[in-house]
> 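I'd like to ask you about the structure that follows.
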There are 2 protein chains.
Amino acid sequence: MINKKKTLLNEIKEILKSKGIKPSYQRIMVYNYIKNHINHPSVDTIFKAISGSIPTLSKTTIYNILNLFAKKGIVDTLTIDKNEVRYDFIKKAHAHFMCKICGEIYDIHLKSDVCLKDFVEGHKVEDTHVDFKGVCKECL
Amino acid sequence: MINKKKTLLNEIKEILKSKGIKPSYQRIMVYNYIKNHINHPSVDTIFKAISGSIPTLSKTTIYNILNLFAKKGIVDTLTIDKNEVRYDFIKKAHAHFMCKICGEIYDIHLKSDVCLKDFVEGHKVEDTHVDFKGVCKECL
DNA sequence: TTATAATTTGTAATCATTTCAACTCTATAA
DNA sequence: TTATAGAGTTGAAATGATTACAAATTATAA
C-alpha cells in the first residue's frame, strides 16, 4: 500500500519533469487531485481538499500551480461559471453542461466537427469550448 | 432627424413593453446601445458610452438593467472572458472567438448541429455556447 | 393632489484573483 | 560542511468586478 502510493507519486514526478515542471510536493498533490477528480473543481475546492495533508498550504500556491499547469497544457481553464474559474484535467476534447439549479458541471461526450477546427473565419483556433446550460437530469 | 430619433425610441419602448419591461429612459438607452454595438460590450463599456447622455447615471443601474434583460431573454451573458462578463444582443445562435492577444471578441457564424440540441445525455439544454480562443486574424 | 410602488442612485460590502515582499527549501559550488 | 543562489511557497494587502442595501427620485393610481 505504501509502496503503491510511492510509485504513484514517482510517476507524477516523472510526468511533471517531462513537461519542464519542477516536481514540488505541492505540485504533485495538486496534479494527483485534479487527475482523480473529474468534477471540475474550483481553486477553493482543491485547496480545502488537500490542505489537510499540507498544513502550511496557502491558497496563493494553488493559484500559482494552476496558472502554471494551464500554461503548460495540463489543465483546461473553464469560464462556464461566471463566479469562479473551474479547472479540468485535459484528457481529450469534450463539452460541458452546467446546471442552473444545482451548479453541477457535467462532462458531455459529444462528437462534433466544431471541436476539430484549426481556423474559423480567418482566426487561428487554439482552444475550443462547447458549454451547455440548463437543468440537469437530477434536478429535472 | 429629431423625428427619426423619436420614432426609434418609441419603437424600443414598444419592444420593451411587449416583453413586460417598463420602458424607463435608462433601459431604452441601454437597449439602443447593445442593439447597435455587436462587439460584446462589458458593463463598463456600456456605462462609459451612455453616461454622457445621462449625467446622473449609476453603474449599478447598468448592472440592474442587464440582469433584467438577461432574465427576459433580450441579452446573452457571455462568460468567455474570465475577467468580466460580456453581453450580446440576442439575434440568432452563433459562436464566439476571443483573441488571447488583443482581447477582442468576434461573432462566428457557424452552422452546426451542436446548437440545435434540446437535450444532451439526459440534461435539458436552455443555452448553448460555442467559444473559440486563439489568435485573431488581425494579430496573426 | 396625495399615496404607493417601481426605478435609480451612490456607498459600502463581498469575494475571487493578483501582487508583492519575506521566508523556506533545495541544489550546487567552494 | 558551509555558503550562496535560485526557485517555490506563504500570507498579507491590493485590485477589481459584482452585489447588497438604503435613500432619493420618478412614475402610477386613486
Side-chain angles (χ1 to χ4, degrees), chain A residues 9 12-13 16-17 19-33 40-72 74-87 98 103 105, chain B residues 9-10 12-13 16-17 19-33 40-72 74-75 77-87 98 103 105:
Chain A
L9 296 192
I12 295 176
K13 218 180 247 189
L16 291 179
K17 274 193 214 167
K19 304 241 179 199
I21 296 171
K22 203 178 278 188
S24 71
Y25 186 61
Q26 288 85 339
R27 286 167 177 175
I28 292 170
M29 294 307 275
V30 170
Y31 187 97
N32 188 44
Y33 183 85
H40 317 96
S42 65
V43 163
D44 195 60
T45 305
I46 299 169
F47 175 74
K48 285 187 175 126
I50 66 180
S51 60
S53 337
I54 314 173
T56 63
L57 186 65
S58 163
K59 200 178 270 189
T60 301
T61 301
I62 308 291
Y63 278 101
N64 291 338
I65 292 174
L66 288 168
N67 285 337
L68 177 68
F69 283 7
K71 206 186 304 173
K72 297 286 188 178
I74 292 172
V75 296
D76 196 6
T77 298
L78 308 187
T79 57
I80 188 172
D81 181 346
K82 72 172 176 180
N83 297 309
E84 58 183 1
V85 171
R86 303 296 203 89
Y87 292 91
M98 180 177 183
I105 297 177
Chain B
L9 296 191
N10 273 328
I12 295 176
K13 216 180 247 189
L16 291 179
K17 273 194 215 167
K19 304 241 180 198
I21 296 170
K22 204 178 279 186
S24 71
Y25 185 62
Q26 288 87 337
R27 286 167 177 176
I28 293 170
M29 295 306 274
V30 170
Y31 187 97
N32 187 44
Y33 183 85
H40 318 96
S42 65
V43 163
D44 195 60
T45 305
I46 299 169
F47 175 73
K48 284 185 176 127
I50 65 180
S51 60
S53 339
I54 313 173
T56 63
L57 186 66
S58 163
K59 200 178 271 189
T60 302
T61 301
I62 307 291
Y63 277 100
N64 290 339
I65 291 174
L66 288 169
N67 285 337
L68 177 67
F69 281 7
K71 206 185 304 173
K72 295 289 187 175
I74 292 172
V75 296
T77 298
L78 308 187
T79 57
I80 188 172
D81 181 346
K82 72 172 174 179
N83 297 309
E84 57 182 2
V85 172
R86 303 296 204 89
Y87 292 91
M98 180 176 183
I105 298 177

> Please give me the minimum heavy-atom distance between B:Gly103 and B:Met98, naming the atom from each residue.
O-CE, 4.0 Å
> Just wondering, do B:Leu66 and B:Ile46 contact through their side chains at under 4.5 Å, heavy atoms?
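In contact.
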> Starting at CD of A:Glu84 and ending at C1' of D:dA17, how long is that distance when rounded to a whole Å?
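Checked: the CD to C1' distance equals 15 Å.
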> Is the backbone N or O of B:Asp81 less than 3.5 Å from a side-chain atom of A:Thr79, with the two atoms forming a donor-acceptor pair by type?
no
> For B:Gln26, run the side chain to side chain contact (heavy atoms under 4.5 Å, CB included) check against B:Leu57, B:Ile50, B:Asn64 and tell me which one passes.
B:Leu57
> For A:Lys22, is there any backbone N or O sitting under 3.5 Å from a side-chain donor or acceptor partner on A:Arg27?
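Yes, because the side chain of A:Arg27 sits within donor-acceptor range (under 3.5 Å) of the backbone of A:Lys22.
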> Is B:Arg86 reaching over with its side chain to a backbone N or O of B:His40, donor-acceptor style, under 3.5 angstrom?
yes
> With nearest nucleotide decided by heavy atoms, which residue, A:Val85 or B:Leu57, maps closer to the 5′ end of DNA chain C?
B:Leu57
> By ring pair (Phe, Tyr, Trp, His ring centres under 6.0 Å), which residues pair with A:Phe69, not counting sequence neighbours?
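By the ring pair (Phe, Tyr, Trp, His ring centres under 6.0 Å) rule, A:Phe69 matches no residue at all.
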> Is any side-chain heavy atom of A:Val30 closer than 4.5 Å to a side-chain heavy atom of A:Ile62?
yes
> Note down the inter-axis angle between the two ends of the helix from C:dT1-D:dA30 to C:dA30-D:dT1, five pairs each, to the nearest 10°.
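Axis angle across the helix from C:dT1-D:dA30 to C:dA30-D:dT1, nearest 10°: 0°.
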> Are B:Asn67 and D:dT19 close enough that a side-chain N or O sits under 4.0 Å from OP1 or OP2?
yes
> By nearest heavy atom, map A:Lys22 and B:Lys22 onto DNA chain D; which one lands nearer the 5' end?
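Nearer the 5' end of the strand: A:Lys22.
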> Reading DNA chain C from 5' to 3', where do the contacts with chain A start and stop? Cut-off is 4.0 Å to heavy atoms.
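Endpoints of the contacted stretch of DNA chain C: C:dA16 to C:dT19.
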> Measure the distance from CZ on B:Arg27 to P on D:dT26 and round it to the nearest whole Å.
15 Å
> Quick one: does B:Tyr31's side chain get under 4.5 Å of B:Ile65's, heavy atoms only?
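B:Tyr31 does not reach B:Ile65 side chain to side chain.
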> How long is the line joining CD of B:Gln26 and C1' of D:dA24, in whole Å?
13 Å
> Does a side-chain heavy-atom distance below 4.5 Å link B:Thr77 with B:Tyr87?
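Yes, their side chains come closer than 4.5 Å.
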> Could you note down all residue pairs passing salt bridge (charged side-chain N to carboxylate O under 4.0 Å, His left out) where residues 52-66 of chain A supplies at least one of them, sequence neighbours left out?
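Of all non-adjacent pairs touching residues 52-66 of chain A, those that pass salt bridge (charged side-chain N to carboxylate O under 4.0 Å, His left out) are A:Asp44-A:Lys59.
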> Mind listing the residues from residues 41-56 of chain B sitting with a heavy atom below 4.0 Å of DNA chain C? Number order is fine.
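The stretch gives B:Thr56 as the residues lying under 4.0 Å from the strand, ordered by number.
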> Please tell me if the side chains of A:Tyr33 and A:Thr45 come closer than 4.5 Å, counting only heavy atoms from C-beta onward.
yes
> Side-chain contact, heavy-atom cut-off 4.5 Å: A:Ile54 with A:Thr61?
no
> At a heavy-atom distance below 4.0 Å, what parts of residues 58-65 of chain B sit against DNA chain C?
B:Ser58, B:Thr60, B:Thr61, B:Asn64
> Atom CG of B:Leu78 to atom P of D:dT18: distance rounded to whole Å?
12 Å
